[in-house]
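Letters go in sequence order (proteins before strands), and every chain restarts at 1. FYI, side chains are in, hydrogens and waters are out, and symmetry mates aren't considered; it's all heavy atoms of this structure.
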Protein chains: 2
Amino acid sequence: MKGEQGNDSQLALDNQLCFLLYACSRSVIKAYKPLLDPLGLTYPQYLVMLVLWEWHDEAPQLPTVKALGSRLRLDSGTLTPLLKRLQQLGLIGRQRASNDERQVHLELTREGVAMRDRARHIPQQLACETGADLNELVSLRTRLNTLLQQLES
Amino acid sequence: MKGEQGNDSQLALDNQLCFLLYACSRSVIKAYKPLLDPLGLTYPQYLVMLVLWEWHDEAPQLPTVKALGSRLRLDSGTLTPLLKRLQQLGLIGRQRASNDERQVHLELTREGVAMRDRARHIPQQLACETGADLNELVSLRTRLNTLLQQLES
DNA sequence: GTAAATTAGATTGTATGCAATTTAATTGAC
DNA sequence: GTCAATTAAATTGCATACAATCTAATTTAC
């Protein structure tokens, strides 16, 4: 009886971490929504655009679906329809690689590149809205990064 | 030009927190999967069962869909079909309240109560698998709780 | 060199999330 | 007391997530 109670509370405490991750993640996504609506993007679509914008700066070669999925931890079952929607929006293009026909390379259209300017204000605006301490947010980021590494190993 | 670069990196940093929340949350849910599969539960269904098990201990009156949604930050659009599945599985019952016909009260079936014994080992097992420091996890939980409060205010 | 194994994407099916609307019941204003 | 707001669930529609399967292309074993 006493043992069972102990197990239950331990379970609940540990559980609250996973639930808090789940609840915080959804809550942050909700906070993004009013900022992303004017761009016509969902949150996962916004993450894809962020990766493509970063790649656009750093690499001459554009990423494949595989490389994008590796960065975002999403598979083709999620990305294929999402990327088709971004293509419908005129933000990206998709090209089969000529040297390996299995791969699909992504590219930003002119509008896709241009949207970056309209997105630049978003992170700051969100940080202001939460009113959280910046050092606290950086510390949290570091800890979550460590946790993610542990979960993936 | 320099200003734009500064905005971009600031954006990327802040973004990594929201992305890490998103990635960690999904990664933790994946880690739960092999432990929940034997119970035939998905992760959101498991969260619902956790709330009902807690209520079962503490309150004589069973929660409504509204109260459950308030606890999990989920609305009826998500919960109604999920609860119907739990009912199909024979784990819960749903009863219209007689004093207010708009409300639906939830109850655990005998099997729903019994499943708790088969779920008790899950949190410990998961904590062991991640190999994370317990104090670290508690600290992270506290910080996420603070963040969630800020996001919801 | 060719068959088997592997790989990258696409597809299918199930289960969330959530905005928006609908329905039915209750409450409030007057 | 009655009609307008409000409320609790349910429903609808859209966009993820993700397991499982499929297809086509490439590698590997031999």
Return all side-chain donor-acceptor pairs below 3.5 angstrom for residues 74-83 of chain A, not counting sequence neighbours, or 'none' if the list is empty.
| residue | atom | partner | partner atom | Å |
| --- | --- | --- | --- | --- |
| D75(A) | OD1 | G77(A) | N | 3.0 |
| D75(A) | OD1 | T78(A) | N | 3.1 |
| T80(A) | OG1 | S76(A) | O | 2.9 |

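- Between the side chains of R96(A) and Q103(A), not a single donor N or O lies within less than 3.5 Å of an accepting N or O.
- Remark: D37(A) pairs with K33(A) by the side chain to side chain donor-acceptor pair (under 3.5 Å) rule, at least two apart or across chains.
- Mapping heavy-atom proximity under 4.0 Å, the span of DNA chain D touched by chain B runs 5' to 3' from dT7(D) to dA19(D).
- DNA chain D lies under 4.0 Å from no heavy atom of any residue of residues 144-153 of chain B.
- By the side chain to side chain donor-acceptor pair (under 3.5 Å) test, E101(B) is found to be paired with no residue, residues two or more places apart in sequence or in another chain being considered.
- Contact detail for P63(A) and A67(A): the closest heavy-atom pair is CB-CB, 4.2 Å.
- Partners of D133(B) under the side chain to side chain donor-acceptor pair (under 3.5 Å) rule, at least two apart in sequence or in another chain, do not exist in this structure.
- Within the structure, every side-chain polar atom (N or O) of K66(A) is placed at least 4.0 Å from both OP1 and OP2 of dA10(C).
- Shortest non-hydrogen contact noted between L72(A) and V51(A) is CD2-CG2, 3.7 Å.
- The side chain to side chain contact (heavy atoms under 4.5 Å, CB included) check on V113(A) picks up H56(A), L108(A), with sequence neighbours excluded.
- Under a hydrophobic clustering in which Ile, Leu, Val, Met, Phe, Trp and Tyr are joined whenever their side-chain heavy atoms come within less than 4.5 Å, directly or via other members, L89(B) and M115(B) fall into the same cluster.
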Under-3.5 Å N/O pairs linking protein and nucleotides 26-28 of chain C:
| residue | atom | partner | partner atom | Å |
| --- | --- | --- | --- | --- |
| dT26(C) | OP1 | N99(B) | O | 3.4 |
| dT26(C) | OP1 | E101(B) | N | 3.2 |

Protein proximity profile, nucleotides 12-21 of chain C - base contact B, sugar-phosphate-only contact S, no contact -, cut-off 4.0 Å on heavy atoms: ---SBBBB--
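- Residues passing the side chain to side chain donor-acceptor pair (under 3.5 Å) test with R85(B), sequence neighbours excluded: none.
- Within the structure, the side chain to side chain donor-acceptor pair (under 3.5 Å) test picks out no pair touching residues 21-30 of chain B (sequence neighbours left out).
- With sequence neighbours excluded, the residues satisfying side chain to side chain contact (heavy atoms under 4.5 Å, CB included) with S139(A) are R143(A), R143(B).
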